[in-house]
Chemist: 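I am attaching a structure below and will ask some questions about it afterwards.
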Amino acid sequence: MIHASLKQLSQALAAKQISSVELSTLFLDRIERLNPQINALVTVDRERTLNAARAADARIAAGTAGPLTGIPIAQKDIFCAEGWRTTCGSKMLANFVSPYDATVIRKMEAEAGLVSLGKTNMDEFAMGSSNETSFFGPVRNPWDNARVPGGSSGGSAAAVAARLAPAATGTDTGGSIRQPAALCNLTGLKPTYGVVSRYGMIAFASSLDQAGPMAASAEDCALLLNTMAGFDERDSTSLDRPQEDYARDLDKPLAGLRIGLPKEFFGEGCDAEVMAAVRAAIAEYEKLGAQIVDVSLPNSHLSVPAYYVIAPAEASSNLSRFDGVRYGYRAPEYDSLDDMYMKSRAQGFGAEVKRRILIGTYVLSHGYYDAYYLQAQRIRRLIANDFVEAFKSCDVIMGPTSPSTAFKLGEKAADPVQMYLSDIYTIAVNLAGLPGMSVPCGFVGGLPVGLQLVGNYFAEAQLLNVAHRYQQATDWHQRRPAGIE
Ligand code: GLN
């Protein structure tokens, strides 16, 4: 049961081979035993979880269950969930208990009947690529405890890789689902911007943030996305489109699929052995009937600089709400209202978050706005146009997810620019608002490598199909870290 797919779990629950209470207990016990070493979850509430599992069992008994009712899942601690502590990895929210549910939580728990096992560790306010900026300490990669799991959804990735949960939610502003998925041998999907509601998801960079599933396979991701996606009038950027079944095309043959390889993703900057694994995956796709097309994303080298203007600009505005007044951390001692704001923010935010707020405030300031923010927005448009052009001659774009395998804890922590460059292949996809995935495609020195798939707008079902067929032909996604029985 610990290693079963969501479909297998669904069948076992429907056939009453196991109850949701039994299944949830199995995972809660694993969390109790293994989490102290990995630090993947920051909040667990056995009673809340078991209550939800009992309700799921009642639905199964009554015949009103959906396909995922009763299946346990770990939730990134960026989603507000009523009655749960929601920290966003920050001291600022270390004692914040949400009075309401994010739409993702409501859809997964109340509608689909999934059972939340707990909240996963993450980089503070989702700012990071290693999970080292968390107020709750770093997460250890189950493939090598001396290494990072990636970030910012590092706790979600490590939780699934160590099978503390069958699946998890993540969010991806600049790669935070895809990069940790790659580093922990998971399948992760960032949907088209606007497909999943951001209501109740603590905002980092609102024009980029998007939630998605992290799981062992494309099939699991498809089933999860079915529960997460959908129009929500409470998010003004949510898209009003007909509900889709994201699993509908999983088995479609790939004959004739045109795979675009951007020359910019295959040049310098990527570890040679990672690149070899990516190339081998592409050769496998050719065996499955795909054709290779050369494409170009000429402005992609500007994606990291543009992102590190736009994302901090939006963050500096979004994070102004954490002022110690209505919720969150308040400094114990202060002389005046201004002093209270300053001390609360100085004490409540960590170094990386402060760096982003400073950069964001600077690029938006009078006199610098045109030179930085406006310019970055223009670059963003050029990057999106590059993809529009590329998709005229191909159906999916492929390349590495991350330029290296999981790095050592502390290795990049002192050098922000090195850390930012971990997202060199993922960020352009967020700037363009496109859907992207990471799929396990091999190992280098015992550490997982991820293949990135990028689709055109709303091509989630196609991406999942392309990933699923590869996973039918290979077993990289089924490999497990040593010691994880
Ligand atoms: N690593 C990137 C950053 O720190 C992306 C984070 C994310 O996608 N949430 O901004």
Side-chain angles (χ1 to χ4, degrees), residues 76-79 88-90 104 120-134 138-139 148-157 168-184 188-191 193 196 198 201-214 303-316 318-319 349-360 363 376 380 401-404 406-407 411-413 415-438 450 452 454:
K76 185 174 183 180
D77 205 14
I78 198 168
F79 295 104
C88 219
S90 183
V104 164
T120 62
N121 203 342
M122 54 182 283
D123 279 299
E124 186 178 7
F125 287 103
M127 299 172 188
S129 309
S130 69
N131 218 110
E132 291 167 295
T133 72
S134 171
V139 175
V148 305
S152 67
S153 311
S156 288
T169 50
T171 63
D172 191 315
T173 303
S176 281
I177 288 174
R178 289 161 288 157
Q179 185 255 16
L183 272 42
C184 291
L189 167 67
K190 179 202 94 75
Y193 181 80
V196 175
R198 292 183 299 106
M201 189 174 113
I202 296 172
F204 163 11
S206 308
S207 76
L208 299 161
D209 299 342
Q210 188 62 200
M214 302 175 78
S303 61
V304 171
Y307 174 90
Y308 278 98
V309 171
I310 294 168
E314 295 184 21
S316 70
N318 276 326
L319 270 58
F349 290 133
E352 184 60 28
V353 173
K354 286 177 188 162
R355 184 177 296 123
R356 306 284 177 111
I357 293 173
L358 288 172
I359 295 171
V363 299
R380 182 176 189 173
T401 303
S402 163
S404 72
F407 44 93
E411 191 178 322
K412 299 188 184 186
D415 186 344
V417 174
Q418 276 311 308
M419 192 67 87
Y420 298 169
L421 288 172
S422 326
D423 301 311
I424 189 152
Y425 300 123
T426 46
I427 275 175
V429 177
N430 300 78
L431 289 169
L434 291 163
M437 281 187 83
S438 184
Q452 183 173 213
V454 184

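Note that ligands are numbered from 1 as they come in the structure, with each ligand's atoms numbered from 1 the same way.
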Chemist: Assess, by modelled atom type and distance only, whether the side chains of Thr133 and Asp123 contain a donor and an acceptor separated by less than 3.5 Å.
Modeler: yes

Chemist: Going by the atom numbers of ligand 1, which of them fall below 4.0 Å from some non-hydrogen atom of Gly175?
Modeler: 8 (O)

Chemist: Under the side-chain hydrogen bond (donor to acceptor under 3.5 Å, both in side chains) rule, what do Gln179 and Ser422 come out as? Steps first, then yes or no, please.
Modeler: CA-CA 8 Å; Gln179 185 255 16; Ser422 326; 4.7 Å; no

Chemist: Need the ligand 1 atom indices (1-based, order shown) with element for anything under 4.0 Å from a heavy-atom of Met127.
Modeler: 4 (O)

Chemist: Is it true that Met419 lies under 4.0 Å from ligand 1, counting heavy atoms only?
Modeler: no

Chemist: Does an N or O from Gly128, backbone or side chain, lie closer than 3.5 Å to an N or O of ligand 1?
Modeler: yes

Chemist: Run Lys76 and Ser153 through side-chain hydrogen bond (donor to acceptor under 3.5 Å, both in side chains) and show every step you take.
Modeler: CA-CA 7 Å; Lys76 185 174 183 180; Ser153 311; 2.9 Å; yes

Chemist: Under a 4.0 angstrom heavy-atom cut-off, which atoms of ligand 1 come close to Gly174?
Modeler: 5 (C), 7 (C), 8 (O)

Chemist: Ignoring hydrogens and angles, state whether a donor on the side chain of Ser129 or Asp423 is under 3.5 Å from an acceptor on the partner side chain.
Modeler: yes

Chemist: Tell me yes or no: between the side chains of Lys412 and Ser130, is some donor less than 3.5 Å from an acceptor?
Modeler: no

Chemist: In terms of ring plane angle, is the pair Phe204 and Tyr307 parallel, tilted or perpendicular, where the classes change at 30° and 60°?
Modeler: perpendicular

Chemist: Can you pull out the closest protein heavy atom to atom 1 (N) of ligand 1? Residue, atom name and distance to 0.1 Å, please.
Modeler: Asp423 OD2, 2.6 Å

Chemist: How close do Ala211 and Phe79 get, counting heavy atoms only, and between which atoms?
Modeler: CB-CZ, 3.6 Å

Chemist: Can you name the atoms of ligand 1, numbered from 1 with element, that are less than 4.0 Å from a heavy atom of Ser152?
Modeler: 9 (N)

Chemist: Report the part of Arg178 in contact with ligand 1, treating N, CA, C, O as backbone and CB onward as side chain, heavy atoms under 4.0 Å; options are side chain, backbone, both, neither.
Modeler: neither

Chemist: Is there a nitrogen or oxygen of Gly151 sitting under 3.5 Å from a nitrogen or oxygen of ligand 1?
Modeler: no

Chemist: Could you tell me whether some N/O pair between Ala126 and ligand 1 is separated by less than 3.5 angstrom?
Modeler: yes

Chemist: Atom OG1 in Thr401, atom CG in Leu183: separation rounded to 0.5 Å?
Modeler: 9.0 Å

Chemist: Of the options Ile78, Val196, Val104, which is the one that meets Met201 in a side-chain contact (heavy atoms from CB on, under 4.5 Å)?
Modeler: Ile78

Chemist: Which bit of Tyr307 gets closer than 4.0 Å to ligand 1, counting heavy atoms only: side chain, backbone, both or neither?
Modeler: side chain

Chemist: One residue to check: Ser176. Relative to ligand 1, which of side chain, backbone, both or neither has a non-hydrogen atom less than 4.0 Å away?
Modeler: both

Chemist: Please classify the Tyr308 to ligand 1 contact at 4.0 Å (heavy-atom distances, strictly less than): side chain, backbone, both or neither.
Modeler: side chain

Chemist: At under 4.0 Å between heavy atoms, is it the side chain or the backbone of Thr173 that contacts ligand 1, or both, or neither?
Modeler: both

